K.L.:
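Got a structure here, written out as structure tokens. Questions coming.
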Amino acid sequence: MLLVAVIAVLLLGVPLGVVVVRLINDEAAQELNAEATRVLISVEYAISQEQPVDPKQLASNYPNRYIQVAFRGIAPIAVGTQPPANRSLTEDARSENGVVRVSRDTAQIDHEIRARLLLTIALALAALGVAIGLAVVTSRRLSLPLLDLAKIAERLGSGDARPSKHRYGIPELDRVAEVLDRSAIRISELLGREREFATDASHQLRTPLTGLTMRLEEIVAAAGEPAIVQEEGEAAILQAERLTAVIDELLAAARRQRQAQAEPIDVDEVLIQQISEWEPAFRRSQRRIELLGTRGLLALATTGGLSQVVATLLDNSLQHGGGPVRITTTSSEKSIVIEVADQGPGVPEKIRNRVFERNVTGGRGTGLGLTLARSLVVSDGGRLELVKPRPATFAIFLRQVGENGRRHRVVSGPA
């Protein structure tokens, strides 16, 4: 921008200066010629009227001029002071009877030329100053957003995925800022999903690990009774296999390969397996688990998902409930219902409407168990509801096996 401004000033300023000098010189020459013509006319008029030419009158009418009059019939007249030869501008006016020559000193003309040239130079410098100001403003308008975008990109690369929402009024830079904001939102969502997955995985792994720990404690306690050690060892192996299945499910979900396929399962088999795993912990708390209701029911679900849901409900009852836990199974026209209830104080009133929300807990828990449990049931096409807050009664609604027991594909989603 500065180079363009300098070239423009040179291309326009230099010719303008030359034109100004010529115009001032031409105006001075024309003015002097007009004065010589007027003197010539006045002298001819005086001669025609037989009147003498008054030099003092000429000097008074044309100060700062050197006037020479040469006419037939009169003596030559010279008025004023003759200027130096190197600073003299002269114009003649002629007629049949004589000639009038008027000269002037060019010092005043040169002074006016210098003043005009200085004005032209000042305008050129002002134009350069404006160009410099525009160049600085434009460069800052371009460089500062680029520096800001560089900081945003660096912050994004360091893991701070907050969108900046900065806009600069320059379409190209605004598009870059929008792309960075969209990237920040996507990265934030990915990080959130990763953190959520890690939290969910930790919670889902905690339940089978708790069951495995209880079995190992039983083995240690019954070290002198081989039959009990063998029984508890087999149960511990089953628990370890269940833990492996949970890990496989989590890995599949992390790779987005899980497509829930509900199939007919024996409800009693899942419930009995869970009761056998949790019975030692309840027994140590001087509590018991009772299985009531209709036996031999089949429901559309996944064994791992239903086991995890029942384990979560039993764990919640052990931590927050009281008295015996009753697991009741019933069958309605459309659903298989599994109710898990205890005789404890129930769900606190302040969280009854939000008990299935993430991070909502009535005690020292993580607030994830019921959220994950409901998601697992929904992925199998069922529902998990709090049907009675005091004492706490949760109900699992599963689809009945119908239409020749064909499988139904269920799309996982939020409850």
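The shown structure was predicted, so the numbers you read here are calculated from the model rather than taken from an experiment.
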K.L.:
I'd like to know if the side chain of Asp380 reaches the main chain of Thr302, judged simply by a donor and an acceptor atom lying under 3.5 Å from each other, with no hydrogens or angles considered.
P.N.:
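Yes.
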K.L.:
Would you please say whether a donor-acceptor pair under 3.5 Å links the side chains of Asn61 and Gln57?
P.N.:
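There is such a pair between these side chains.
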K.L.:
State, yes or no, whether a side-chain contact exists between Leu40 and Phe71 at a heavy-atom distance under 4.5 Å.
P.N.:
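Side chain of Leu40 against side chain of Phe71, heavy atoms only: contact under 4.5 Å found.
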K.L.:
Would you compute the distance between atom CG of Asp174 and atom CG of Leu149 and round it to the nearest 0.5 angstrom?
P.N.:
9.0 Å
K.L.:
So if I apply the side-chain contact (heavy atoms from CB on, under 4.5 Å) rule between Leu23 and each of Val20, Asn25, Val19, which one comes out positive?
P.N.:
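Only one of Val20, Asn25, Val19 forms a side-chain contact (heavy atoms from CB on, under 4.5 Å) with Leu23, namely Val19.
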K.L.:
Using distance alone, with no hydrogens and no angle criterion, decide if Ser95 and Glu44 have a side-chain donor and acceptor under 3.5 Å apart.
P.N.:
yes
K.L.:
Heavy-atom count around Glu290 CD within 6.0 Å, excluding the residue itself: above 12?
P.N.:
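Yes, CD of Glu290 has more than 12 neighbouring heavy atoms, counting only those of other groups under 6.0 Å.
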K.L.:
Give a yes or no on whether Gln51 atom CD has more than 12 heavy-atom contacts from other residues, nucleotides or ligands under 6.0 Å away.
P.N.:
yes
K.L.:
To the nearest 0.5 Å, tell me how far Glu263 CD sits from Thr303 OG1.
P.N.:
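One finds 6.0 Å between CD of Glu263 and OG1 of Thr303.
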K.L.:
Can you tell me how far the CZ atom of Arg288 sits from the CD1 atom of Ile275, to the nearest 0.5 Å?
P.N.:
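So the gap between those two atoms works out to 12.5 Å.
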K.L.:
Checking the side chain of Thr312 only, and the main-chain atoms of Gln308 only, is there a donor and an acceptor separated by less than 3.5 Å?
P.N.:
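At least one qualifying donor-acceptor pair exists.
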K.L.:
Charged N to carboxylate O under 4.0 angstrom, Asp92 versus Arg94?
P.N.:
yes
K.L.:
For Ala78 and Tyr66, work out which heavy atoms get closest and say how close.
P.N.:
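Reported closest heavy-atom pair: CB-OH, 4.0 Å.
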K.L.:
Could you tell me which non-hydrogen atom of Ala131 sits nearest to which non-hydrogen atom of Ala5, and how far apart they are?
P.N.:
CB-CB, 3.3 Å
K.L.:
I'd like to know if the side chain of Ser332 reaches the main chain of Ser335, judged simply by a donor and an acceptor atom lying under 3.5 Å from each other, with no hydrogens or angles considered.
P.N.:
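Yes, the answer is positive, given that a donor and an acceptor are paired below the 3.5 Å cut-off.
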K.L.:
Between Arg383 and Phe397, is there a donor-acceptor pair closer than 3.5 Å when you use the side chain of the first and the backbone of the second?
P.N.:
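No; zero donor-acceptor contacts below 3.5 Å.
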K.L.:
Using a distance-only test with no angle check, is there a side-chain donor-acceptor pair under 3.5 angstrom linking Ser331 and Gln400?
P.N.:
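Yes, side-chain donor-acceptor contact under 3.5 Å.
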K.L.:
Look at the side chain of Arg399 and the backbone N and O of Leu300, then say whether any donor-acceptor pair between them is shorter than 3.5 Å.
P.N.:
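Between the backbone of Leu300 and the side chain of Arg399 there is no qualifying donor-acceptor contact (under 3.5 Å).
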K.L.:
Distance check, rounded to the nearest 0.5 Å: Gln274 atom CD versus Leu291 atom CG?
P.N.:
12.0 Å
K.L.:
How many angstroms lie between CD1 in Ile289 and CG in Leu318, if you round to the nearest 0.5 Å?
P.N.:
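Rounded to the nearest 0.5 Å, the CD1-CG separation comes to 8.5 Å.
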K.L.:
Does any part of the side chain of Arg140, heavy atoms only, come nearer than 4.5 Å to the side chain of Val136, both counted from C-beta?
P.N.:
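Yes, close enough: below the 4.5 Å cut-off.
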K.L.:
Report the C-alpha separation of Ile47 and Asn97 in whole Å, then their side-chain angles, then the decisive distance to 0.1 Å, and conclude whether the side-chain contact (heavy atoms from CB on, under 4.5 Å) test is met.
P.N.:
CA-CA 10 Å; Ile47 292 174; Asn97 298 319; over 6 Å; no
K.L.:
What residue among Leu398, Val340, Ile396 forms side-chain contact (heavy atoms from CB on, under 4.5 Å) with Val309?
P.N.:
Ile396
K.L.:
Do Arg38 and Ser42 come close enough that some side-chain heavy atom pair is under 4.5 Å?
P.N.:
no
K.L.:
Does the side chain of Ile336 reach to within under 4.5 Å of the side chain of Thr329, using non-hydrogen atoms?
P.N.:
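No, every pair of side-chain atoms sits at 4.5 Å or beyond.
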K.L.:
Hey, does Leu370 have a side-chain heavy atom less than 4.5 Å from the side chain of Asn316?
P.N.:
yes
K.L.:
Judged by atom type as modelled, is there a donor-acceptor pair below 3.5 Å linking the side chain of Arg65 to the main-chain atoms of Leu58?
P.N.:
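Absent.
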K.L.:
Can you check side-chain contact (heavy atoms from CB on, under 4.5 Å) on Val39 and Tyr62, steps first, answer last?
P.N.:
CA-CA 9 Å; Val39 171; Tyr62 301 97; 3.5 Å; yes
K.L.:
Carefully, step by step, assess Leu271 and Val310 under the rule side-chain contact (heavy atoms from CB on, under 4.5 Å).
P.N.:
CA-CA 8 Å; Leu271 296 178; Val310 174; 3.9 Å; yes
K.L.:
Checking the side chain of Ser285 only, and the main-chain atoms of Phe282 only, is there a donor and an acceptor separated by less than 3.5 Å?
P.N.:
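No, because the side chain of Ser285 does not come within donor-acceptor range (under 3.5 Å) of the backbone of Phe282.
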K.L.:
Quick one: do Glu112 and Arg114 satisfy salt bridge (Lys or Arg N to Asp or Glu O under 4.0 Å)? Show the steps, please.
P.N.:
CA-CA 5 Å; Glu112 185 177 357; Arg114 285 194 296 271; over 6 Å; no
K.L.:
To the closest 0.5 Å, what do you measure between OG (Ser317) and CD1 (Ile327)?
P.N.:
9.0 Å
K.L.:
How close do Arg167 and Ala177 get, heavy atom to heavy atom, and via which atoms?
P.N.:
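The pair with the smallest heavy-atom distance is NH1-CB, 3.7 Å.
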K.L.:
I'd like to know if the side chain of Asp315 and the backbone of Ala311 have a donor-acceptor N/O pair within less than 3.5 Å.
P.N.:
no
K.L.:
Does Thr371 use its side chain to pair, donor to acceptor, with the backbone of Phe356 at less than 3.5 Å?
P.N.:
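Yes; judged by distance alone, with no hydrogens or angles, the pair exists.
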K.L.:
Please walk me through it: do Arg87 and Asp105 pass salt bridge (Lys or Arg N to Asp or Glu O under 4.0 Å)?
P.N.:
CA-CA 6 Å; Arg87 295 204 316 262; Asp105 195 336; 2.9 Å; yes
K.L.:
Give a yes or no on this: more than 12 heavy atoms of other residues, nucleotides or ligands lie within 6.0 Å of atom CZ of Arg116.
P.N.:
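Incorrect, the count does not exceed 12.
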K.L.:
If you measure from the Lys or Arg side-chain nitrogens to the Asp or Glu carboxylate oxygens, is any gap between Glu339 and Lys388 under 4.0 Å?
P.N.:
no
K.L.:
Applying the side-chain contact (heavy atoms from CB on, under 4.5 Å) test to Ile338, which of Leu306, Leu297, Thr330, Val270 qualifies?
P.N.:
Leu306
K.L.:
Treating Ser379 as the side-chain partner and Leu376 as the backbone partner, does any N or O pair qualify as donor plus acceptor under 3.5 Å?
P.N.:
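The answer is yes, because a donor-acceptor pair under 3.5 Å joins these two groups.
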K.L.:
Restricting to non-hydrogen atoms, name the atom on Val9 and the atom on Ala124 that form the minimum distance, rounded to 0.1 Å.
P.N.:
CG1-CB, 3.5 Å
K.L.:
For the CG atom on Asn64, are there more than 12 heavy atoms of other groups (residues, nucleotides or ligands in this structure) within a distance under 6.0 Å?
P.N.:
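At most 12 heavy atoms, drawn from other residues, nucleotides or ligands, come within 6.0 Å of this atom.
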K.L.:
Return the minimal non-hydrogen interatomic distance between Val53 and Pro55, and the atom names on each side.
P.N.:
O-CD, 3.1 Å
K.L.:
How about Gln343 and Pro324: do any of their side-chain heavy atoms sit closer than 4.5 Å?
P.N.:
yes
K.L.:
Can you check salt bridge (Lys or Arg N to Asp or Glu O under 4.0 Å) on Arg101 and Glu91, steps first, answer last?
P.N.:
CA-CA 6 Å; Arg101 175 170 294 176; Glu91 289 293 332; over 6 Å; no
K.L.:
Could you go through Ser103 and Gln82, starting from their C-alpha distance and side-chain angles, then the distance that decides it, and tell me whether this counts as side-chain contact (heavy atoms from CB on, under 4.5 Å)?
P.N.:
CA-CA 7 Å; Ser103 303; Gln82 184 175 5; over 6 Å; no
K.L.:
Taking all heavy atoms of Leu298 and all of Asp266, pick out the closest pair and write down the distance.
P.N.:
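Distance-wise, the nearest heavy atoms are CD2-CA, 3.8 Å.
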K.L.:
Within a 6.0 Å radius of atom CZ on Arg22, are there more than 12 heavy atoms belonging to other residues, nucleotides or ligands?
P.N.:
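No, CZ of Arg22 has 12 or fewer neighbouring heavy atoms, counting only those of other groups under 6.0 Å.
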